[in-house]
Structures are given as structure tokens and as C-alpha cells.
Number of protein chains: 2
Amino acid sequence: MNYLTYLSVFDKLTKSQQNALTKSSFVRSLSKGELLHNGSQDCTGLILVLSGQLRAFTISNDGREITMYRLFERDICLFSASCIMNSIQFDITIAAEKNTEVLVIPSEVYKSIMEVSAPLANYTNDIMASRFSEVMWLIDQIMWKSFDKRLAEFLLNEANIEGTDTLKITHETIGNHLGNPREVVTRMLKYFVNEGLISLSRGTIEITNKNGLKNIMD
Amino acid sequence: MNYLTYLSVFDKLTKSQQNALTKSSFVRSLSKGELLHNGSQDCTGLILVLSGQLRAFTISNDGREITMYRLFERDICLFSASCIMNSIQFDITIAAEKNTEVLVIPSEVYKSIMEVSAPLANYTNDIMASRFSEVMWLIDQIMWKSFDKRLAEFLLNEANIEGTDTLKITHETIGNHLGNPREVVTRMLKYFVNEGLISLSRGTIEITNKNGLKNIMD
């Protein structure tokens, strides 16, 4: 099984380009919590998620975090190969949120093909535009949405990703996703408890009134 | 004078591609304040700034604004041609901050060349990566920087752009750049006055202590 066929562009490449990518790519396993990529000094390569889940986030000078986007099965991560483009002037950190398998496509191989292949360059454009759209959505959220709405949306989204209304997640982790201090998260969660939307126990948040959360979100 | 030669990629295109771009492009003049592009329903074309200054910003549902980036002479605006890529799923508004002349490159002509030209596709990638970097910088600012630092940086940057320490700008306009209500801007400007950093008069902000502002910024 050649995982590269997951890339919609793969059959638009020449046979020798396909071979170069296939020969150089390799599978890598990550444990939950493991860092895959740490800022622009790394040039890990392009990452194709085979299974599991990755999180792309930025870190402030004093260690605060905010999630930019997540990557699921068959998603491609470009910014782990930021050296393929000089104009990428920012740091993103990527970590495994679950045990994850990825295919690593070495940057220099990808770059050398992209330079001559219009299909691959346009494919890369498309990936970047998708991520750009997610980041613009994020700006919209942090600029104009109150924290109760963002937290309600986050909880509903987590329940959707995990396929359960019982979320095993700490207040600190939520804060790192949303870019807020833990205390702010705890305070709002307690407000949600008082409103009968969720219940809290050690390390667990249970959504008890999904529609109520949806109403807050809108 | 063919303004398209401002594009660093121009001489990597074939003669017929150069001709197609040259024949279809046209100069357009914008008055200060004029809207050039209004969200994703428009597909105005790629914009090459010949003179003047443009501002790219987003608008919240209830009309609040925040500046994403600015475009100066020889800068290229891609998102005014968002129809060239399906994955661009966000709205940006572009307006002239000064009387401005631009070269408009029609989207469909650019797109048809980009699809077959690796140099043009890679050039487009580079532009998008630059804008992405600016937007990531913005997230860093709004998430982690206090408003006094952002305002000090904005004033120093304006003085730099305008080449003068006497800025003709309203508090509301500053609010629209930084994504804050006018009252918040006014309050912080008054604080700057008390600290001896600026002086205010009708419609004008004068920077009286540049180093003081720099100290706040850091």
C-alpha cells in the first residue's frame, strides 16, 4: 500500500516524481503527547497523517499556547516543512494528541519536485489556503467572540471528535487550546455547571445539555 | 513601461504567458477611502500596487474591523482574487488608505497560467506564505500583547510610514486597525499624554517622546 496515493495530486505527477517521493518517504509512530515539530528551526518534512490526531499550535514567549488547527487522518501538514519556502516566517509547534502514525515526506525531495511541477505547486497552494482559512477563522473567534461561546463550541467539537459526551481533558489543556489561563477556563466551566450544561468530576467533563451549549454558541 | 516586470517571476514565464498577462491587465485609480474589494463574493483580480497604500482588513458581523496587513508600492494582493483557489474560505476587505494606483490582473487569466506554470504557482505560494506570516504575527499580537504595547507600536509604525511624527488620524480609525472600540483607544492615548509620550489636538496625534513609546513597546 503506497500511502502517497492519499495525496489527490499523486497521479498528476510523472512516474519518476512518484518514485522519488515513494522511495524517500517513511512511516513514523508518535506516542500521545510527543512533539513532532518545534518551530522553524526544524524542517521535519511534510507530514501525512495515517492515523491518530495532531495539534498545531503557537507558544508565546512566556509559554502560553493557542491551537491553530488540528490534523486528522489523511490531512497534510505543510508547516512542518517550512524550509521549503523562504516566506514562511513563523513558528508552529506540532504535537500528537493521540498515538499517531504519520508518513514523513522529506522536505528537500518535495521541494525539488514542487519547483518544476505545476500540479504539486498548486496542490501546495491549496493546502496553505486551507490552513490560512482556519487561521482567519481563529482570528474571527478570538477578536469577536466572547469566551463562553468559544468554550461551548470547543466542548461540542471535542465531543464530536471523540464520539462521546464524557471528555477526559484537564482545564489546563483547554486553556492551551483556547489561549486562556486555566483559572479563566475553570471559572467558565463552573458557570456552565450552574447553568446545568455540564457536570465536572476529577479530570472529566460530562456534557449533560448539548442543546444548551449550542444555544450559548450561537 | 510594463508594470508586470515588477513581478519577480515575470521573466520566468513564456512569451505567450507574458503577453496574455500584459494584454489583460489594466491600471485602475482609487481615491482615498475607496473600497477595492469586498469579501469573497468579489473576484476583483490580483492587485499590484503601483503607488499609494492599501489596507486589508476583516469585518465582524456587527461591523467591527481589524487590519490584517497593508500593501505598499510593488506589493501584490492575492486575496482580491480568491476565486483562483477553492480553498480560500474567508472574506477580506481591501480599501485605499491614500489615493492609489493599482494594476489589476484578471483572475481567470492568472489562474489559467498558474495551472500550467510551476514558476507562477510557486510565486503565488510565496505571496501567500508572506501574508500567512503577517497574520500569524497578528495572532501573536492580539493574544499575548497588552493594548498599550500594540498602540505604541502602531503609532511608531504610522510615523514611519508617513515620515512624520504628526499623525492625522482619528481614534476611531486606530480602533479599526487594532480591533478595539474607540473608547479604549481614547483612554490609552490619554494615558500616553499623561506619560508625556504624545500630545493630542483635534484630529491629530503628535509623538513627542519616541523613545518613551519604544520602551513601552518592548
Side-chain angles (χ1 to χ4, degrees), chain A residues 9 12 17 40 56-68 78-79 81-92 111-145 178-180 218, chain B residues 9 12 17 40 56-68 78-79 81-92 111-145 178-180 218:
Chain A
V9 72
K12 293 183 197 129
Q17 290 167 346
S40 62
F57 57 105
T58 57
I59 310 180
S60 72
N61 291 336
D62 55 351
R64 288 174 291 172
E65 302 179 2
I66 182 168
T67 299
M68 295 287 124
L78 194 63
F79 298 126
S82 54
C83 57
I84 64 170
M85 257 176 275
N86 298 331
S87 309
I88 298 180
Q89 301 281 352
F90 55 89
D91 288 351
I92 265 188
K111 184 179 182 181
S112 68
I113 299 174
M114 189 175 80
E115 275 167 1
V116 296
S117 165
L120 194 62
N122 280 298
Y123 177 75
T124 311
N125 256 325
D126 248 6
I127 299 170
M128 189 154 31
S130 296
R131 299 296 166 255
F132 205 124
S133 302
E134 294 183 86
V135 167
M136 289 297 290
W137 178 89
L138 177 65
I139 290 185
D140 198 67
Q141 296 285 309
I142 50 188
M143 282 308 298
W144 320 123
K145 280 218 169 160
L178 299 178
N180 290 88
D218 295 333
Chain B
V9 71
K12 292 183 199 132
Q17 289 167 345
S40 62
F57 56 104
T58 57
I59 310 181
S60 72
N61 291 335
D62 56 352
R64 287 174 291 172
E65 302 179 1
I66 181 168
T67 299
M68 294 288 123
L78 193 63
F79 297 126
S82 54
C83 57
I84 65 170
M85 257 176 276
N86 298 329
S87 307
I88 298 182
Q89 300 282 350
F90 55 88
D91 288 351
I92 264 187
K111 184 179 181 179
S112 68
I113 298 174
M114 189 175 79
E115 275 166 3
V116 296
S117 165
L120 194 61
N122 279 300
Y123 177 75
T124 311
N125 257 326
D126 248 6
I127 299 170
M128 189 153 33
S130 296
R131 301 295 167 256
F132 206 124
S133 302
E134 293 183 86
V135 167
M136 290 295 292
W137 178 87
L138 177 64
I139 290 186
D140 198 66
Q141 295 286 311
I142 52 188
M143 283 307 299
W144 320 123
K145 279 219 170 159
L178 299 178
N180 289 87
D218 294 333

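In this text the structure is predicted, and so the values were computed from the model without any measurement. Within every chain, numbering begins at 1; the chains are lettered A, B, ... in the order of the sequence lines, protein sequences first and strands thereafter.
The distance from atom CE of A:M85 to atom CE of A:M128, rounded to the nearest 0.5 Å, is 4.0 Å. Note that the CE atom of B:M143 and the CG atom of A:L178 stand 8.5 Å from one another [nearest 0.5 Å]. Separating the CZ atom in B:R131 from the CG atom in B:L78 is a distance of 8.0 Å, to the nearest 0.5 Å. Here the CG-CG distance, from B:N122 to A:N122, works out to 8.5 Å after rounding to the nearest 0.5 Å.
For chain A, the nearby parts of B:S130 are the backbone and the side chain; heavy atoms of each come within less than 4.5 Å. Only the side chain of B:M136 comes within contact range of chain A, judged by heavy atoms closer than 4.5 Å. Neither the backbone nor the side chain of A:I127 comes within contact range of chain B, judged by heavy atoms closer than 4.5 Å. Neither the backbone nor the side chain of B:I113 comes within contact range of chain A; no heavy atom of the residue lies under 4.5 Å from a heavy atom of that chain.
Between chain B and the residues A:D140, A:V116, A:I66, the largest count of heavy-atom pairs under 4.5 Å involves A:I66. For the options B:G179, B:S60, B:S117, heavy-atom pairs under 4.5 Å to chain A are most numerous at B:S60. Ranked by non-hydrogen atom pairs under 4.5 Å with chain A, the options B:R64, B:Q89, B:E115 are led by B:R64. When A:T58, A:D62, A:T124 are compared by the number of non-hydrogen pairs under 4.5 Å with chain B, A:T124 comes out ahead.
Taking the side chain as every heavy atom from C-beta outward, A:Y123 and A:L120 approach each other to under 4.5 Å.
Between the side chain of A:S133 and the main chain of B:S87, a donor-acceptor pair closer than 3.5 Å is present.
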